[in-house]
Amino acid sequence: MSVRVRYAPSPTGLQHIGGVRTALFNYFFAKSQGGEFILRIEDTDRERYSDESLQDLYDTFKWLGIEWDEGPDKGGEYGPYVQSERFGLYTKYAEQLISEGKAYKCYCSSERLDALRAEQQKDKKSQQGYDRHCRDLTDEQRAEFEAQGVKPVIRFKIPLDGKTVFHDVLLGDVKRKNTDISPDPILIKSDGFPTYHLANIIDDHYMKITHIMRAQEWLPSGPLHILLYQAFEWEPPIYCHLPMVMGKDGQKLSKRHGSTSLKDFISGGYLPEAIINYISLIGWAYDDSREFFEKADLEKLFELEKLNKAPGVFDYKKLDWFNGQYIRKLTDDALKEKIIPYLADTGNLETPPTSAQDKMLDGMIPIIKERLKLLSDVVPMTAFLFSDISGYDVADLIPKKQDEAGTKKILEIGRPIIAQLNEQSDEELEEKFKALSEESGFKLGDLLSPLRVAVTGSRVSPPLFASIRLLGLEAALERIDAAIARF
Ligand code: GLU
Ligand code: ZN
């Protein structure tokens, strides 16, 4: 059997961690099996549909470097791959079910259904949901509604007894009493549009999908889908509902935990390599130890058997760590290309950078590369090279356990060593500061910290001597003098 899997998003919002994880697992499973990965757009919910979401979908996967074998933009044997372009098919199958007595037209007005719901809410014990009012209408009753021009919906007949069972690769047998399935779900809405359930299973069948990997929130739809496959006498695909994605607090990942849209991660300065690596580890593990996986590795190594039943945790800090690791793996030139837009955005760089700026960038990369977690960190980390930093508080200059007088003294005795920077190596400068520390009784850290703040405006910066070399000694000495003058 040749594996065919699909990612079937509804363009009703931005691509988020959970959706991307679903897509990646499907993609890696297809690749590892020599199968096909298909993109299908499930746009039957016209009220929630937005062009922006659709564009975001394409942008996100382009950025990730994930390509489908078949899809709206690619074509393929089983297209069109957009549900709104396949409406004829769904109606035809719904009518087939009616003629076989497996579905029926329901003429209930929304007023009737609202009243029914209100009544059921009062009496929590009674059967909830649609009361199957139209399931056994006579031909005459139907003809009367039609004559009145009432637009019906088409509902599926859920069996009144028995149970539905299906197998899930991860969860084992999933059983549900048919009386626990919400009564007689709509297949075709009164405007003629199919619902998700009908369109989804018809398309999976027609597109010869072999495995359904999707978020666990779709598990409750499983029994209904199986009943539909049975009604059509089609072989259902193999199901695998993916482990939930949680925040660190054990709650379902949501905006409360932080941003979940890929769009925000992209603009925030994450690398696609880091995102792919880290997201692939949510609910999946190769073994107990290996953490680093590039896309090409996962294309070979991904296995369904290695999915975890337990929910996966999305830890923002861990992702940041991965991102830092992947930044270190970039060549200096690649990193330079990636940080230029962030600096250009602040107005600190021209596009393209001038040749002086280009030299500055080349000098900057080696000293920031080890320190960046996000590409966007480059902006605060290098602000001292581009802009006036004198806005810091005098208090920032003063190390803990020092006072103003001590700090002034530190700056005064440190300055002459800094002044020799152009003739000295970093090691030699360090030696000089160590000697000064012994001689003056100031701790080494206390000697360097005020100088760092004086030069960079911040207590955290790339290595001090390298920073001064980039900024230029003259400018650095001026900043030190300005700091001294503030006491
Ligand atoms: N359109 C559904 C979604 O947005 C697809 C669910 C499924 O994979 O069956 O998640
Ligand atoms: Zn009805």
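Order of listing sets the numbers, starting from 1, for every ligand and every atom in it. Heads up: numbering here begins at 1 and tracks the sequence.
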Any donor-acceptor N/O pair, R328 side chain to L372 backbone, under 3.5 Å: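 Checking the backbone N and O of L372 against the side chain of R328, a donor-acceptor pair under 3.5 Å is found.
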
A student checking ligand 1 against E42 at a 4.0 Å heavy-atom cut-off should list atoms 1 (N), 2 (C), 5 (C)

- Any idea which atoms of ligand 1 are less than 4.0 Å away from a heavy-atom of N200?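 Here the atoms of ligand 1 in question are 7 (C), 9 (O).
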
Can a salt bridge be assigned to the pair [X] and [Y] using a cut-off of 4.0 Å between side-chain N and carboxylate O?
X	Y	result
D203	R6	no
D362	K359	no
E119	K122	no
D59	K263	no

Looking only at N/O atoms, are I212 and ligand 1 under 3.5 Å apart anywhere?
no

Any R6 heavy atom less than 4.0 Å from ligand 1: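 Yes.
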
* Check if Y7 has a non-hydrogen atom at a distance under 4.0 Å from any atom of ligand 1. =>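 No.
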
Quiz item: W234 vs H205 aromatic rings, parallel, tilted or perpendicular, using cut-offs 30° and 60°?
Solution: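 Aromatic pair W234/H205 classed parallel.
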
Would you call the rings of F193 and F87 parallel, tilted or perpendicular if under 30° counts as parallel and over 60° as perpendicular? tilted

Exercise. Which protein non-hydrogen atom lies closest to atom 5 (C) of ligand 1, naming both residue and atom, and how far is it?
Worked result: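 Here the closest protein heavy atom is A8 O, 3.2 Å.
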
Which protein non-hydrogen atom lies closest to atom 4 (O) of ligand 1, naming both residue and atom, and how far is it?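 Atom 4 (O) of ligand 1 sits closest to the protein heavy atom S10 OG, 3.3 Å.
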
Near the Zn ion (ligand 2) (protein N/O/S, cut-off 2.8 Å, waters excluded) we have C106 SG, C108 SG, Y130 OH, C134 SG

Between F322 and F292 (judged by ring centroids, cut-off 6.0 Å), do the two rings come close enough to count as a pair? yes

### Message
For W68 together with Y7, are the ring centres under 6.0 Å from each other?
### Response
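No, ring centres 6.0 Å or more apart.
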
